[in-house]
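Notes to accompany the following structure.
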Amino acid sequence: SPQVVWSMLGNRQFCSYKMTTKTQNFCRNEYNLTGLCNRSSCPLANSQYATIREEKGRCYLYMKTIERAAFPRRLWERVLLNKNYEKALEQIDENLIYWPRFIRHKCKQRFTKITQYLIRIRKLTLKRQRKLVPLRRKIERREKRREEKALIAAQLDNAIEKELLERLKQDTYGDIYNFPIHAFDKALQQQEAESESESDAEREEEEDEDVDTREFVEAEDSELSDFEDMDKLETSSEEEQEEEEEVEKKASHSKSKGKTPLKGPARRKRPYIEIEYEEETEPTTKTKAA
Amino acid sequence: GPAAPQRVLFPPTFSVSEIKNKQRRHFMFLRWKQQQRKEKLAAKKKRRKEREALGDKAPPKAIPKTIENQRVYDETTVDPNDEEVAFDEATDEFAPYFNRQTVPKILITTSDRPRGRTVRFCEQLATVIPNSHVYYRRGLALKRIIPQCIARDFTDLIVINEDRKIPNGLVLSHLPDGPTAHFRMSSVRLRKEIKRKGKEPTEHVPEVILNNFTTRLGHSIGRMFASLFPHDPQFIGRQVATFHNQRDYIFFRFHRYIFKSEKKVGIQELGPRFTLKLRSLQKGTFDSKFGEYEWIHKRREMDTSRRKFHL
């Protein structure tokens, strides 16, 4: 009889569906109406019981009566409820007529809750759903390592500098940068073979310039080395650029003798580039002197 | 035992892996390894002596093998003189851009609820790309944003996907019905994390450098990137944005350059940096369910060889 069942399971002995927490006891039985472990809501300890359960979006009313207590297979009778909320409530009332008030009330409450969450599910599926894609640790590690290796192999700075110099050579910048370019270089190389008057004249001119403007050179160089003023160079005239370029060669030559304090800050900011090019410019200055 | 002699002669059918005892097997393997190393060193020395002995007549040094050298030849590599490719490029979705009929206008947005880093990254990206606007999404579906964007004359849409407070994905969609590329983004560095002492990027239109996009797929991705920036760079600004492809990783950098002489250029990094890896390329605009994919990265098929790259 139910009283005996409850006195055993509810209080004294072990009930496998019972879950105790600090403040409350819960019942894990699927047919439980409220989810709590009470005398009135234990499906095992009540011979007349009813629940609402939903399967695949449809709600069913499950009922258990004393007459069928001996036949566990036929114990729970189930009724499919109407999709319409009010009609389903009427159905519950009609099926649970003459049943205790508690069960009727709780059934309706549970049914309400279930329909509400079903509505929410349907609404959410219409919105965008975030798809979670699992990360695979091995693959992530592999990708990371390959990226590092690719970065090292890419040598980005060199590639970019090369590309920019290429573009300069191919005249994409037009007249903005006015370097005394290839003609001068070729002339340099030809000077040992033959002495052309033009190239000689050019060389003499440039050497004169250097001698005259040596003092200017140092001061302007400070502008160049300070990167915060790089923007100011936008407005520089062609002459300034030419002079600066000469400056650079001379300055680097003087740099090779001893570290001038002016080049100090520039060195600090981008040390490695300066070191690279030091060797490069030295030979050109040497050939010019020769 | 442990005190065995240095030069060991193994019987010809012996292999180290046949010894059952783990300790001993390990020991024998180490000894075998030492022997191999010695032989290699001896061979090297001999070769060097031969080279010195020959002097000028020595054969040239062998080129070291790199992954780029050993790359599996991809049949879709673009030949610069290929007519078919040129024709395709004249008629694809980027033709209006390259014919200077359209001016790029970019919309940058994120996934839901972006966190601090992503927000700042979006702002910096907006300064790097001229004519771009950042809009935050609060729960709006992409499919509904796209028609609105087209109506307001945007040419490109960038969506930065975020995960655990860092940006990790990028969807680049060319708008009037153009291809959509989905990338995985990694190593994102904001401006303050880059070691440089430059100012902010100015409003000038930067130049674009696209390196190493060799195959057809790479070409189309390259054009996609190029179409983000206005066609006429302002050389006064001296800024350059680089997309460098190396082994299927696309590195983005933003620099300011200065020509110190005709052979010397200095570059200074401003701007954020990140790397991208292409995951999929879709023909139409962003549509995950019904889209027609031109290319998807399939790990099992495409990651089998270490020397095979697709971009």
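Just so you know, these numbers use all the heavy atoms, side chains as well, and skip hydrogens, waters and symmetry mates. Numbers restart at 1 for each chain; the letters A, B, ... are given by sequence-line order, proteins then strands.
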Run the salt bridge (charged side-chain N to carboxylate O under 4.0 Å, His left out) test against A:Glu54 and tell me which residues pass, sequence neighbours left out. none
Considering residues at least two apart in sequence or located in another chain, which fulfil the salt bridge (charged side-chain N to carboxylate O under 4.0 Å, His left out) criterion with B:Glu162? none
Less than 4.0 Å between a side-chain N and a carboxylate O, is that true for B:Lys277 and A:Glu147? no
Do the charged groups of A:Glu140 and B:Arg184 touch, with an N to O distance under 4.0 Å? yes
From the list B:His244, B:Glu68, B:Arg253, the residue making the most non-hydrogen contacts under 4.5 Å with chain A is B:His244
What residue in B:Asp163, B:Val208, B:Ile67 has the most heavy-atom pairs under 4.5 Å with chain A? B:Val208
A:Leu151 portion near chain B, given a 4.5 angstrom heavy-atom threshold: both
For A:Leu164, is it the side chain, the backbone, both or neither that has a heavy atom under 4.5 Å from a heavy atom of chain B? both
If you look at every heavy atom in A:Leu168 and B:Ser261, which pair is closest and at what distance? CD2-O, 4.5 Å
Starting at [atom1] of [X], measure out to [atom2] of [Y] and round the result to the nearest 0.5 Å.
| X | Y | atom1 | atom2 | value |
| --- | --- | --- | --- | --- |
| A:Ile160 | B:Ile209 | CD1 | CD1 | 6.0 Å |
| B:Phe251 | A:Leu156 | CZ | CG | 6.5 Å |
| A:Arg167 | B:Phe235 | CZ | CZ | 8.0 Å |

Please name all residues satisfying ring pair (Phe, Tyr, Trp, His ring centres under 6.0 Å) with A:Phe111, sequence neighbours left out, ordered by chain then number. A:Tyr85
For residues B:His255 and A:Asp157, determine if any side-chain heavy atom of one lies less than 4.5 Å from a side-chain heavy atom of the other. yes
B:Tyr249 versus chain A, heavy atoms under 4.5 Å apart: side chain, backbone, both or neither? side chain
Applying a strict 4.5 Å limit to non-hydrogen atoms, the region of B:Asp303 in contact with chain A is side chain
Relative to chain B, which of A:Glu143, A:Lys149, A:Arg146, A:Lys144 shows the most heavy atom pairs under 4.5 Å? A:Glu143
Sorted by number, residues from residues 112-125 of chain A in contact with chain B (heavy atoms, under 4.5 Å): none
